[in-house]
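Heads up: the structure comes next, in structure tokens.
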Amino acid sequence: MVRLVCGVAFRFNHAPMLDDLAIISTPAMTPHTMPSYLADLNPQQRLAVETVDGPLLVLAGAGTGKTRVLTTRIAHILLQKKAFPGQVLAVTFTNKAAGEMRERVEQLLGLGAQSESPSSSSGVWLGTFHSIGVKILRRHAELLGFSPQFTILDADDQHRLIKQLMAEEGIDNAKVAGKVILSIIQGWKDKGLTPDKLSRDVSGEEGAGAMAARLYPIYQHRLKTLNAMDFGDLLLHCLTLFAAHPQILNEYAQRFHYILVDEYQDTNIAQYLWLRMLALGHRNLCCVGDDDQSIYGWRGAEVGNILKFEQDFPDAQVIKLERNYRSTSPILATASHLISYNKGRLGKTLWTEDSGGEQIRIKSVWDDTEEARFVGEEVETFQRDRVSLSQMAILVRAGFQTRSFEERFMTLGVPYRVIGGLRFYERMEIRDAVAYLRVISQPHDDLAFERIINTPKRGIGKATMEALHSHARAQNCSLYTALEAMTANGEIKGKTATTLKNLLADFARWRDLKDQMPLQELADQVLDESGYRTMWQLDKTPESSGRLENLKELVSALGEFESLTLFLEHVGLVTEVADAAASDEMVNIMTLHAAKGLEFEVVFLAGWEEGLFPSQRTMDEKGNAGLEEERRLAYVGITRAKRYCYICHAANRRIYNQWQSSIPSRFIQELPHEHVQTLDGAIYNRRAAGPKLFQKEIDELIHQHVDRLKQKAQAVAQASPVPAASFVKGQQVFHQKFGQGIVLQVEGDHLTIAFKHAGKKKVMADYVAKA
DNA sequence: CGTTTTTGCCTTTTT
DNA sequence: GGCAAAAACG
């Protein structure tokens with residue numbers, strides 16, 4: 001057995017208790033009747049499963065069987081008849097995780113039921129925070145001033161709405177972007193702050209914050225008028241509901257005898273409060289998480305919730321799962337060593353019985369093209385060695401990095417898939433089609449109606465829309481109602497009136513058909529009669545055929561739903577169309593965030609360069625906390641690998657179409673050399689020679705790069721007319737204060753220059769010399 | 001009113 | 001270099 005010790009970790013070991021556990025913790029059970037589903041667990045896992053009553057915190061490192069513990073625990077509760085399925089609440093972060101968990105519980109119940117009648121997990125409340133929030137809110141919507149059929153807004157709806165409100169309030173969208181306002185409001189919602197609680201906190205703030213504070217109550221008010229909620233509301237309104245109606249909180253608190261939470265390190269404050277309200281009574285709360293894998297701080301997640309758990313429940317049992325079943329020991333050692341640079345960890349020490357295994361491989365490349373070429377070659381080599389493509393993954397920091405890999409795999413003819421890129425339900429054509437369905441289901445869904453009133457083009461312009469809006473506001477009615485009134489009383493005239501009357505008649509007809517024909521037929525008919533499908537058929541841009549395909553897929557997806565309402569509910573909560581086949585023979589390309597919870601035989605970690613990873617922006621915004629979150633992201637990346645882990649960094653990267661030279665990520669230098677192997681040309685691993693030499697080599701690399709840029713710049717200068725200024729794009733320059741840099745942009749005397757050390761700056765040409 | 005051109009921002013990460 | 005919003009044009 002190999003033990004890898006690092007960091008401030010302490011370890012506790014229950015191994016001696018192994019044989020006693022089953023007897024001690026569940027007296028009703030004797031060893032020979034111990035259910036098979038417990039037999040394969042290690043002592044800590046089994047303790048976590050069998051410690052059913054009272055608060056329990058499971059700190060589960062990467063690859064230690066976290067999901068297994070959760071699913072087995074649910075099965076155990078049900079099979080031991082501790083609770084009926086409907087009395088168990090299990091919360092996850094993604095729909096995918098919820099689905100997998102349900103499947104595995106189902107399996108366990110099938111196995112464990114033995115002679116007795118098989119139980120089912122179908123009654124278990126198992127879902128994401130948001131889906132469970134919706135379920136609760138639909139039942140009590142009236143108490144909050146909503147109707148039970150409230151709609152759930154997607155990001156696009158939210159954006160359009162906030163822009164509308166800003167226009168009404170006379171706030172210039174150019175000065176403070178709607179997106180910024182939204183994200184501030186979202187942040188408050190993540191903290192459980194309603195507008196009224198806010199006023200004390202943020203009254204005299206500057207700029208965007210003040211704008212957001214002003215708009216927040218207006219936004220919430222408008223949402224209520226629209227009978228709509230955004231994602232944050234699904235939790236926030238639950239909190240309001242529970243606070244205002246203790247008897248309802250009680251109902252749920254008593255109903256759920258056992259509460260389980262997955263990925264607890266990613267909960268935000270609103271979610272924490274939500275859990276706390278539900279669990280404080282019976283205290284049967286089991287949270288599973290890994291502080292080292294907390295990577296959603298930017299979305300309001302608070303690792304601190306783990307610490308709060310022990311404050312709220314001082315008697316909580318804490319169990320650490322540290323035995324890793326996934327990775328080889330060099331991979332674990334590398335990940336552990338890297339994460340030990342973070343302060344303030346709870347500390348875990350992963351270990352494995354697995355010995356041997358390949359070192360981490362580090363590759364230096366010139367640019368993203370070479371990076372993709374290198375990874376492509378390795379992928380093909382593994383493929384020849386019979387490693388399935390689906391067992392290989394390329395993990396990147398930011399979405400735009402996937403492009404060069406896609407291009408490379410396309411030319412190689414290697415099948416690949418990008419996970420989490422453009423989501424199905426976020427595509428324009430899908431949102432349009434769904435908007436039609438939304439209006440059929442809920443004519444007063446103004447946001448949906450506005451989206452499609454002129455799609456396809458019906459000659460409805462700004463003027464008509466403004467008239468509609470003002471009428472609706474004056475009458476305090478929906479746009480749909482306003483339109484009905486205005487076409488009837490002649491306020492809208494001429495051709496516009498005719499087309500709009502037709503549209504209203506169409507909707508009325510479709511609404512009648514809604515309950516008379518299968519959903520798929522209805523959708524087909526709507527798409528045809530509205531002219532929406534025709535619009536794309538006439539479109540001759542290259543993507544139109546893909547859009548028609550997507551519409552087809554949408555219609556076929558509709559087949560799985562019993563009613564329009566159920567379908568729309570699904571769309572509101574789900575971003576991804578059911579992931580067809582995870583076992584397909586394809587290389588996986590995705591962001592590090594999307595990779596959490598997954599595992600692959602071979603993992604390529606691309607783009608480990610300062611500024612990109614760790615992300616400059618994160619470090620600027622959140623300082624050292626941001627850096628530590630980036631490091632956790634690196635930890636997540638490495639621990640995805642079962643057997644082979646590659647790390648690449650490029651000397652040059654194109655950002656905004658400008659070449660920037662980059663130095664290797666500091667994370668590379670934080671890897672333990674004994675477990676790291678440098679492939680040809682890697683420069684950082686000669687640290688033995690001292691940091692000076694290291695810097696010198698980086699400089700050399702940059703020089704090479706600059707030379708190449710010079711050549712390129714000359715070529716460009718010859719090909720295109722020389723600008724009036726004496727400086728040219730791509731030119732290498734020197735500034736007294738900022739040092740060496742490259743000209744990005746020339747506007748008269750003003751130069752935008754990317755400096756090697758000082759970053760991007762705007763500078764007067766007079767202060768700059770040609771280098 | 002609708003289409004084309006220009007600008008301007010942008011690349012984190014997502015339920 | 002790409003995409004979305006604003007501006008300019010027909």
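In what follows, chains are A, B, ... by sequence order, proteins preceding strands, each numbered from 1.
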Counting heavy atoms from C-beta on, name the nucleotide in [options] closest to the side chain of [X].
| X | options | answer |
| --- | --- | --- |
| A:A594 | B:dT14, B:dT15, C:dA5 | B:dT14 |
| A:H130 | B:dT15, C:dA5, B:dT13 | B:dT15 |
| A:F400 | B:dC1, B:dT11, B:dT13 | B:dT11 |
| A:T591 | B:dC1, C:dG2, B:dT13 | B:dT13 |
| A:H593 | B:dT15, C:dG2, B:dT13 | B:dT13 |
| A:K163 | B:dT13, C:dA5, B:dT15 | C:dA5 |

Centroid under 5.5 Å and tilt under 30°, A:F93 to B:dT15: no
Residue pair A:Y416 / A:E406, side-chain donor-acceptor N/O under 3.5 Å: yes
Would you check if there is a donor-acceptor pair between the side chains of A:D233 and A:Q220 at a distance under 3.5 Å? yes
[X] [atom1] to [N] [atom2], straight-line distance once rounded to whole Å:
| X | N | atom1 | atom2 | answer |
| --- | --- | --- | --- | --- |
| A:K622 | B:dT13 | NZ | P | 16 Å |
| A:R397 | B:dT11 | CZ | C1' | 10 Å |
| A:M590 | B:dT13 | CE | C1' | 14 Å |
| A:H237 | B:dT15 | NE2 | P | 21 Å |
| A:H159 | C:dA4 | NE2 | P | 11 Å |
| A:M619 | B:dT11 | CE | P | 18 Å |
| A:D156 | B:dT14 | CG | P | 17 Å |
| A:D230 | B:dT15 | CG | C1' | 11 Å |

Using a strict threshold of under 4.0 Å (side-chain N to carboxylate O), is an ion pair present between [Y] and [X]?
| X | Y | value |
| --- | --- | --- |
| A:D291 | A:R632 | no |
| A:E630 | A:R666 | no |
| A:D190 | A:R299 | no |
| A:R547 | A:D432 | no |
| A:E670 | A:R631 | yes |

Output, in order, the C-alpha distance, side-chain angles, deciding distance and verdict of side chain to side chain contact (heavy atoms under 4.5 Å, CB included) for A:M465 and A:I453. CA-CA 9 Å; A:M465 283 316 293; A:I453 188 169; 3.9 Å; yes
Start with the C-alpha distance between A:W274 and A:Y272, add both sets of side-chain angles, then the distance that settles ring pair (Phe, Tyr, Trp, His ring centres under 6.0 Å), and finish with yes or no. CA-CA 5 Å; A:W274 191 87; A:Y272 163 80; over 10 Å; no
Surrounding NZ of A:K191 (heavy atoms of other residues, nucleotides or ligands, distance under 6.0 Å), is the total greater than 12? no
When you look at CZ of A:R138, are more than 12 heavy atoms from neighbouring residues, nucleotides or ligands closer to it than 6.0 Å? yes
Would you tabulate the pairs of protein nitrogen or oxygen atoms and nucleotide nitrogen or oxygen atoms of nucleotides 2-4 of chain B closer than 3.5 angstrom?
from  : atom 1 : to     : atom 2 : distance (Å)
B:dG2 : OP1    : A:G459 : N      : 3.0
B:dG2 : OP1    : A:I460 : N      : 3.4

Within the structure shown, what part of the strands sits under 4.0 Å from A:S131 by heavy-atom distance: base, sugar-phosphate, or nothing? nothing
Kindly give the heavy-atom pair with the smallest separation between A:L193 and A:Y216, and that separation in Å. O-OH, 2.7 Å
Distance between the P atoms of B:dT13 and C:dA4, in whole angstroms? 15 Å
Strictly below 4.0 Å: does A:T464 bring a side-chain N or O up to OP1 or OP2 of B:dC1? yes
For A:Q401 and A:A398, indicate whether the former's side chain and the latter's backbone hold a donor-acceptor pair under 3.5 Å. yes
List in numerical order all residues of residues 291-298 of chain A for which some heavy atom is under 4.0 Å away from an atom belonging to DNA chain B. A:Y296, A:W298
Runs of at least three consecutive pairs that involve DNA chain C, where pairs are Watson-Crick or G-U with distances under 3.5 Å: B:1-9 with C:2-10
